[in-house]
Structures are given as structure tokens and as C-alpha cells.
Amino acid sequence: MHNFEKLLFWQKSIALAKHVYIVCLEISNDEKYGLISQIKRCTISIPSNIAEGSGRNSNKEFNHFLAIALGSAFELQTQLILVKELNLLAEEKVNVLLNEVSEIQRMIYSFKNNLK
């Protein structure tokens, strides 16, 4: 069992989720039940799956949940690219989020490889 709160990539994914929620306030309410909802769901999925996996009985199970968290991070990356291409947010703001997501992806991937 791992203490997820001490994992740097979990901490960064919590910070990312807060950042995404704040930035989503700037997107038109027309997207409230569409893209914004999907972005928020996959953003929350990242730290949630890290936490759930850390409480499992084996590294194999933890690895599975890390894979789900990683998938959610790539889903978020795709949605942020779409936000940028649709000009729903300033490009600079989206790029900051994309950099955060990319860092978390690398950290999860590296941890997963060391967990095996």
C-alpha cells in the first residue's frame, strides 16, 4: 500500500484539477454540459485513480489504476487541444495546462515502469 498523498504526481494532479476548475469558469456556459463537463470529469479521474490504486493489495492492481489515470491524462490533453483549436480560452492559458498535464503523464509513466 502506498501513501498517495506523498506521491508528487498525485499532488500535481490535485493542483492541476484546481487549476482546470478555475480556468473552466472562463469558458462560455454554452459548453457547461458538453466539453467543460467532460474536462472536469477526466481531470478528477487522474488523482482519484491514483488514490484508489494506492489502496489496493498489490502493485499489479496499483499499476492498473495508474494506467487508467494515465489514460485520463491523455483524454484531458486531447480536450484541451480542442479548447485551444476552438478558441474557447486564451492559447497561453491552455498551453500552461497542457504543460502541467504533460509533466504528470511523464511522472505517472515513470512510476508505473518502476513499480513493475
Side-chain angles (χ1 to χ4, degrees):
M1 186 188 287
H2 298 267
N3 183 345
F4 65 88
E5 291 178 285
K6 292 186 178 181
L7 296 171
L8 184 58
F9 56 92
W10 179 84
Q11 295 168 8
K12 287 184 177 279
S13 65
I14 287 291
L16 172 65
K18 291 190 296 188
H19 192 184
V20 164
Y21 264 74
I22 290 166
V23 169
C24 279
L25 294 173
E26 298 176 32
I27 298 175
S28 167
N29 275 341
D30 294 344
E31 286 297 329
K32 186 175 183 179
Y33 299 107
L35 193 54
I36 293 173
S37 176
Q38 188 63 29
I39 287 171
K40 288 179 176 180
R41 279 197 305 273
C42 70
T43 300
I44 294 167
S45 176
I46 300 168
S48 297
N49 277 291
I50 294 167
E52 183 173 353
S54 72
R56 294 299 172 135
N57 294 324
S58 69
N59 283 346
K60 182 179 178 183
E61 287 180 285
F62 190 16
N63 205 3
H64 171 74
F65 281 91
L66 290 173
I68 295 169
L70 190 57
S72 293
F74 279 101
E75 181 182 356
L76 176 60
Q77 179 183 9
T78 299
Q79 292 161 0
L80 290 173
I81 291 168
L82 183 59
V83 164
K84 184 164 57 171
E85 290 186 8
L86 293 171
N87 296 313
L88 296 175
L89 280 174
E91 186 172 344
E92 311 83 53
K93 289 185 180 188
V94 178
N95 287 340
V96 169
L97 292 171
L98 286 169
N99 288 335
E100 291 178 38
V101 171
S102 180
E103 180 182 23
I104 291 166
Q105 289 167 340
R106 287 190 303 273
M107 294 175 83
I108 293 172
Y109 184 77
S110 177
F111 189 85
K112 275 178 56 50
N113 284 339
N114 291 327
L115 193 62
K116 293 179 181 179

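On a predicted model such as this, the values are computed, not experimentally measured, just so you know.
Taking both residues in full, the closest heavy atoms of Ile36 and Ser28 are given as CD1-O, 3.7 Å, listed atom of the first, atom of the second, then distance. The heavy-atom pair separating Val101 from Ala73 by the smallest distance is CG1-O, 3.4 Å. Nearest heavy atoms, Thr43 versus Ala17: CG2-CA, 3.2 Å. Of all non-hydrogen atoms in Trp10 and Ala51, the two that sit nearest each other are NE1-CB, 4.2 Å. Pairing each heavy atom of Ala69 with each of Ile50, the nearest pair is CB-CG1, 3.9 Å. Pairing each heavy atom of Ser37 with each of Arg41, the nearest pair is OG-NH1, 2.5 Å.
In this structure, the side chains of Phe9 and Leu70 stay at 4.5 Å or more apart for every pair of heavy atoms. Between Ile27 and Leu35 there is no side-chain heavy-atom pair separated by less than 4.5 Å. Side-chain contact between Glu26 and Leu89 is present, with at least one heavy-atom pair separated by less than 4.5 Å. Put simply, the side chain of Ser72 does not reach to within 4.5 Å of the side chain of Leu76, judged on heavy atoms. Between Ile108 and Ile46, the closest side-chain pair of non-hydrogen atoms falls below 4.5 Å. Using a 4.5 Å cut-off on side-chain heavy atoms (C-beta onward), Val96 and His19 make contact. For the pair Ser54 and Asn3, the minimum side-chain heavy-atom distance is 4.5 Å or more. Annotation: side chain of Met107 is not in contact with side chain of Leu7 (no heavy-atom distance under 4.5 Å).
Expressed to the nearest 0.5 Å, how far CD1 of Ile104 lies from CG of Leu8 amounts to 9.0 Å. How far CG of Asn99 is from CG of Asn95: 6.5 Å, rounded to the nearest 0.5 Å. One finds the SG atom of Cys24 at 8.0 Å from the CG atom of Leu97 (value rounded to the nearest 0.5 Å).
Between the side chains of Gln105 and Gln77, a donor-acceptor pair is found at a separation under 3.5 Å. Side-chain N/O atoms of Ser102 and Arg106 include a donor and acceptor closer than 3.5 Å.
Gln11 places a side-chain N or O within donor-acceptor distance of the main-chain N or O of Glu5, the cut-off being under 3.5 Å. No side-chain donor-acceptor contact under 3.5 Å links Asn63 to the backbone of Asn59. The main-chain N or O of Gly71 is never found under 3.5 Å from a side-chain atom of Glu75 such that the two would form a donor-acceptor pair.
By the neighbour-count criterion of 12 heavy atoms within 6.0 Å, atom CZ of Phe65 is densely surrounded, having more than that number from other residues, nucleotides or ligands.
Between Phe111 and Phe62, the angle of the ring planes goes over 60°, which puts this pair in the perpendicular group of the 30/60° scheme.
A salt bridge links Lys12 to Glu103: at least one charged side-chain nitrogen sits closer than 4.0 Å to a carboxylate oxygen.
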